[in-house]
2 protein chains.
Amino acid sequence: MVGSSGSCENCKQDLEVYCPEIIWILKTFGGYSENIVIDEHFAVLIPNSLPLHGAAPLLCAGITVYSPMMYYGLCKPRQHLGVVGLGGLGRVAVKFAKALGMKVTVISTSPSKKNEAVERLGVDSFLVAMGTMDGIINIVSGPYTLLPLINLLKTNGKLIAVGASTEAPEIPYIPLMMGRKLIGGSTTRGMKETQEMVDFAAKHNIIVDIEVIPMNYMNTAMERLAKGDTKYRFVIDVANTLYSSF
Amino acid sequence: MVGSSGSCENCKQDLEVYCPEIIWILKTFGGYSENIVIDEHFAVLIPNSLPLHGAAPLLCAGITVYSPMMYYGLCKPRQHLGVVGLGGLGRVAVKFAKALGMKVTVISTSPSKKNEAVERLGVDSFLVAMGTMDGIINIVSGPYTLLPLINLLKTNGKLIAVGASTEAPEIPYIPLMMGRKLIGGSTTRGMKETQEMVDFAAKHNIIVDIEVIPMNYMNTAMERLAKGDTKYRFVIDVANTLYSSF
């Protein structure tokens, strides 16, 4: 985002992303521009200790998982957090949760993800007992039933959806009521919290796993995206000034 | 409830109702007993200013609506609360919300409920604009779509289900995410909060609309319940010492 009213109820609460007059970069010069002029309010300072390419996706993936962890209080040391799905968002969620001192369990239907989770990310477990989690960050909001996830939560547990899906799973009402549990949604956040998230990431050396590509690789990258042939997020080296993995 | 472990994680947080060793009165002498001996921890003091019969259903309906209002922060003056359904629970929710100084809107498919809501309960409106409510207490958790209710909520709005239903409506995921809204569940609560609720009710003269019946009317009352031929909760005058509406 590159502009908002600055005066609506949401802007006043540092929630520019919900401003009815929000201006997306797509409506100006686009996200692939080599140069763009914006109001300083919409610029985020990337601390020197973070590499620009590894930090870039924090402004989407990072704030998407960091914001609900703060808002829903799933950020306290020794709390037990479940992360459903170990794609790009899931990996970032694990990194933030570990930096916060939480116990993290990845819930995934792919056994192949187990090694990565345990060895690279320091996830604590793959097997979980019922009623043991304080919260779950749900990256994969697919059409499956949510009951098994709800059952993993303790009393007052929170299931937070951050993965966009047009599918609408059914709400397991009685288990929600009986455990005073909640299902919450969240997306990216305002500028103030985005800067806080980047500063936290810098302090804890959190960067996103990425594949850096030059501008002239874009068409191939789009084809690979369409085929699902990606493991990490693409970061475009617009000006060819960054290290490239090619 | 008349007993619990007193030592589990839930009991220690004054959430006896979630104790795995909870003892329900149904397993002892039953709710229709003339006399029962219980540990004082499970007794609630009814202040002298509240009539016993009007206060009795507070221990179910009252705590069911009061508890989520406190827990989810839907209890601040000038917040706008929606109440879906104007049955027994709905009327109690309105009374608590008005005593807390909230703006209350009843959402009902029965136009006939409008007069009662506005004239007897002091409800503020029946017609609502989108995106204007801080929270909604949903008494009628039926099989309908939740999207219209979610759309009534402001950013950060909360839809709380307190009406038991085995139906599982679909979750409107994207609207939840885009507005950081949540769907929460809640049921009755521990002894500490139950006493707080009764004290609050006494301070604000909140009683439940009831129909007092003598013990020998029980079979007829059960038949009327089965037919849905009730407007208010039945309170049984077990010892024939209360005012009776007969």
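Below, each value reflects all heavy atoms present in this structure, side chains not excepted, and no hydrogens, waters or symmetry copies. Proteins come first, then strands; the chains are lettered A, B, ... in the order of their sequence lines, and each starts at number 1. Owing to the predicted nature of the structure, the values given are computational and were not obtained by experimental measurement.
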*Kindly state each residue pair satisfying side-chain hydrogen bond (donor to acceptor under 3.5 Å, both in side chains) with at least one member in residues 74-100 of chain B, sequence neighbours excluded.*
H80(B)-T105(B), R91(B)-E116(B), R91(B)-D209(B), K95(B)-D209(B), K98(B)-D124(B)
Return all side-chain donor-acceptor pairs below 3.5 angstrom for residues 82-90 of chain B, not counting sequence neighbours, or 'none' if the list is empty.
none

*Can you tell which of S186(B), G184(B), P172(B) has the highest number of heavy-atom pairs within less than 4.5 Å of chain A?*
S186(B)
*asked:* Heavy atom to heavy atom, less than 4.5 Å: which residues from residues 152-160 of chain B reach chain A?
replied: K154(B), T155(B), N156(B), K158(B)
*Roughly how far apart are Y173(B) OH and N138(A) CG, rounded to 0.5 Å?*
4.5 Å
*Can you list the residues that meet the side chain to side chain contact (heavy atoms under 4.5 Å, CB included) rule with K203(B), with sequence neighbours excluded?*
none
*Nearest-0.5 Å distance, CE of residue M177(A) to OG1 of residue T187(B)*: 5.0 Å
*Considering only heavy atoms and a distance below 4.5 Å, find which of L15(B), N10(B), I171(B) pairs most often with chain A.*
I171(B)
*Evaluate whether atom CD of E9(B) has more than 12 neighbouring non-hydrogen atoms of other residues, nucleotides or ligands under 6.0 angstrom away.*
no
*Within 45° of the six-membered ring axis of Y18(B) and under 6.0 Å from that ring's centre, is NZ or CZ of R180(A) located there?*
no
